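On a predicted model such as this, the values are computed, not experimentally measured, just so you know. Side chains included, hydrogens not; waters and symmetry mates left out as well; all remaining heavy atoms used.
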Amino acid sequence: MTTSSSTALRQALRLAGPDTADALAERLRPELLAALSDRFGLPEEVVAELIGPGGAALRAAMAADHEAFFLRAAKTGDPAIARALWDARYRPASQHPRRVKDIPGLLAAVLRAADPSDPRWYEEDGLVPLLQEEATGVELAPALTGPFPALIAYSLVRLAPDLPLPAALDAGIALAQLAGGEGLAAFVRAVEEAPDIDLGHPGLLDLMRSAAAADDPESFLRERRPAGEWTDPAALQALLMVRDGHGPPAKPDGLDWELVRREHARLPFGTETRHGSRYRSGNRLLGLIRWEGCPHDLVMESFREHPMITARLAAELPFEALVGAEARAGTLDFEEFLGRGIREGRLSVDRVLTEVTPAAEVLRALPYDHEPTRKALAALADRLGTDPVNWLTCYGRTGRARGSVAELIADAASATSRKKRNTTWPHPLEAVFPATAPEASRAAFLRLFECASQEAQIAVVPHFDARAVQHLLVYGDPAPAVRDAVVAAHGVSAPVSQASTDSLAPEQLAQLLDLDEPRVDAALFLHCRIDQQERERMLAGRLRGGGTRTVPDELLRALDEVNLGHYRHWLVAGLESGDLGVARKIMERLKLRVPAARLRLLIAVWERSGPDAVREILAMDRLPVTLRRQTEQALDAPDGLARLRARLAAEEDPAKLVAFLNTTPAYDAGQRPHKLTGDGIALPWAALLEAYRSGELTRGLPEALAERADCPRELLLELLAHTPEDSHYHHSCIQPALDRGALTPEDLLTRSAPARTALSHLIRALNSPGRQEDRQKLRACAAALTDEHLGTDVEAWTVCLRLLPTFAGSLTELVATAGAIARPAD
């Protein structure tokens, strides 16, 4: 069974009523078994044995939880099923991301259910020899106390160095239970004969030897096993996973950290360990520190070795890790650690401000969206008052301060200090375009300054340099009164520097646009995300406050800096401006590819600036020779402007534009609409619709049109009737059209064809991350359709599924046809 047919079957079982679905599942048992085999990665005969008879069981298995299904299979005690589960452990199930090997307790369940007297466990391809050949170390943990003596002995040799002594003794006890003293003696001999084996516990081998000679080996070992230690299999498994670098496993409930400490003392988690001929190294403490409650001494040991990654991974980092951290500045991710610790209440804001160093690192890392943090910092900032000298001195000393934030502020506020105090901004810098975020001392100072009182801010901003003004306006959030004080002190350069970013809030953008200031407009044009209508307004010289002006030189110079590879449409916004300066810039920088675009520019210049301005454009020698000659003739004719308008109408004839779109190789068809709209020419949608219906569009062009947000519904419906079964096409065309309402859920059922493709699109839409109400509506429509035509008739459902792969019509037509075939008219 193919993936697509399996998907169709699964969807049918969801849409049909429970009784009908059960009967349909029984009717299509072979297909369902194939689908389930693919879903779980197990042979069909194994799946059939596990599921048993009946359609209800088949249908339940299609929706069964993978983990529960595999654990149920493990508990059968069947060696063949156990082997199949082992073979499937690394194979991702096709309908579920979880692999068999990732299911906890699976091998333990297999071993608990196993009957060791069944010879199939020991055959060449049986599970016992396979585990010895293929299992990795941590996978063998359940075998330590399993029912197979050979497997216990093998697993103990592999795992002993990483095992706590009580767990190693548990393996010996299990071996003694199954094989007695002879089994223990055989294990001792095997270890002695292999000198490269190190069990990792001095005296363990002697203990096993003594137990083998004792009258009751099992009791001998039990008496020497520390009571209550490492009795939880989950804790032991987690420990082994940490040792083996498989972390981070989930923290076991009730983990005894004192036992973990003792294991660390026996065999440090950060040292090399020897496993037979295998050596591994690395800081395994990183697997422990992610667990809540990890002792601080273990966390700090990891921190001293790997400060940055420990700070990032630790569930709780002790405060002492921060104190005196200036030696590690640049390696610790202060921002992540401080922000998380303060928000979660694990770090005291007051202690951070008074003890953690250096001040600049701390100021940049504090969580400023955390109100208690802002209040604490504001209280410290009050010590600087409204004296600009205090604030300028604070900024001047921030970069060199090695103490805490509180110490930095106290030092800057002290008028008796012998250090130099700043009366002007230290090392002033100009604003940059586009704006760049503050760094180092500037970032730290801006964060502190924003927590100051409004009175202090108004007093200090006149002393800012141009870069600090830009940082405050762009990356800060000053109150209106503070912003007014900045503009009053620094003039128009302040809003110009603010207009140099693409991250302005809508109200900030509106304020800047309303200024109608040439330098501000130029900065907004180049650096801000203004819409195309605003660009057209600017390049036409229309003022927000009413009236028009000649486009200023500042804006014309901005046109020279536009990156045409990405923002060609910014210049095209001036195509119909008519301003001579704008038209010259367009001619200098753009090669207009569409005749209609050239004519639009010439007509606009003539209408606004007169025929002499048109002559200046022609003199630039940037237009085709024929167009220049025809325009020169028109300039001398009384009806010259009318002639150009008539030519423009001919060039914009929809049939001619469709021909332009069609004159391209199929591989480049997707770019052709952009070439037309890139010259400011709207797509002739009505003509394109007719051309598509008559089969005149170049291959690839319809799909390119459908991807456009302005593609009309009528054309989308036509395209939907012949859509390819392609995931990229669905996500780039159909799903966006559904999201914006150009297509409806009903369209997928009634218009999309062929049926197999329509079903593919339907399922993707049902699984899309869009609005839940849309998905519910689509499900309801599909259920109503099948209820109407198929109902509870299993034969009709079966016919529908059989017809699906080759049916050329829509899903609605498919369902209706299947119903008619199954229930012919009397």
Open item on the list: For Y368, does the six-membered ring have the charged nitrogen or CZ of R374 within the cation-pi criterion, i.e. under 6.0 angstrom from the centroid and within 45° of the normal?
Closed with: no
TODO: Check whether any side-chain N or O of E517 sits under 3.5 Å from a backbone N or O of R519 as a donor-acceptor pair, and report yes or no.
DONE: yes
TODO: Would you kindly say whether E320 and H296 are connected by a side-chain donor-acceptor distance under 3.5 Å?
DONE: no
Open item on the list: Please check this pair: side chain of R608 against backbone of S577, looking for a donor-acceptor N/O pair closer than 3.5 Å.
Closed with: yes
TODO: For residues R593 and D679, report the shortest heavy-atom separation together with the two atoms involved.
DONE: N-OD2, 2.6 Å
Task: Gap between atom CZ of R364 and atom OG1 of T398 - 0.5 Å precision - done: 10.0 Å
- [ ] May I ask you to decide if V551's main-chain N or O and D579's side chain share a donor-acceptor pair within less than 3.5 Å?
- [x] yes
Open item on the list: Working to the nearest 0.5 angstrom, can you tell me the gap between S441 OG and Y395 OH?
Closed with: 6.0 Å
TODO: Determine yes or no for a side-chain-to-main-chain donor-acceptor pair under 3.5 angstrom, with K251 supplying the side chain and E292 the backbone.
DONE: yes
TODO: Mark yes when over 12 heavy atoms from residues, nucleotides or ligands other than E607 sit less than 6.0 Å from its CD; otherwise mark no.
DONE: yes
Open item on the list: Return the CG to CD distance between L504 and Q511, rounded to the nearest 0.5 Å.
Closed with: 10.0 Å
- [ ] Would you mind checking if E576 and R600 are paired as a salt bridge, meaning a charged N to carboxylate O distance below 4.0 Å?
- [x] yes
Open item on the list: Under a 3.5 Å distance rule, please check whether W391 uses its side chain to pair with a backbone N or O of G385 as donor and acceptor.
Closed with: yes
Task: Residues S302 and T310: side-chain donor-acceptor under 3.5 angstrom - done: yes
Task: Pair R549 + D521: basic N to acidic O under 4.0 Å - done: yes
Task: Ion pair check, E439 and R442, cut-off under 4.0 Å - done: no
- [ ] Rounded to the nearest 0.5 Å, what's the gap from CG on L322 to CZ on F303? Could you check?
- [x] 6.5 Å
Open item on the list: With a sphere of 6.0 Å drawn around CG of D531, does it hold more than 12 non-hydrogen atoms of other residues, nucleotides or ligands?
Closed with: yes
Task: Distance-only side-chain donor-acceptor flag, R421 / N390, under 3.5 Å - done: yes
Open item on the list: Using only atom types and a distance under 3.5 Å, with no angle test, would you say the side chain of R589 pairs donor to acceptor with the backbone of V562?
Closed with: yes
Open item on the list: Given 3.5 Å as the limit, does a donor-acceptor pair link the side chain of R397 with the main chain of D411, or not?
Closed with: yes
- [ ] List the atom of Q498, the atom of L512, and the distance in Å for their closest heavy-atom pair.
- [x] OE1-CD2, 3.8 Å
Task: R544 bridged to E534 by N-O distance under 4.0 Å - done: yes
Open item on the list: Taking R467 first and then D465, would you say they form a salt bridge - that is, a charged N and a carboxylate O separated by under 4.0 Å?
Closed with: no
Open item on the list: A quick test of your reading: do over 12 heavy atoms of other residues, nucleotides or ligands sit less than 6.0 Å from CZ of R529?
Closed with: no
Open item on the list: Looking at R542 and E536, is any side-chain nitrogen of the basic one under 4.0 Å from a carboxylate oxygen of the acidic one?
Closed with: no
Task: Check: Q508 side chain, A505 main-chain N or O, donor-acceptor pair, under 3.5 Å - done: yes
Open item on the list: Any side-chain to backbone donor/acceptor pair from H527 onto S497? Under 3.5 Å, distance only.
Closed with: no
- [ ] Examine distances only and state if a side-chain atom of R535 and a backbone atom of F525 form a donor-acceptor pair shorter than 3.5 Å.
- [x] yes
Task: Straight-line distance of L377 CG to E450 CD, nearest 0.5 Å - done: 11.0 Å
Open item on the list: In the structure I gave you, are the side-chain heavy atoms of E316 and V299 within less than 4.5 Å of one another anywhere?
Closed with: no
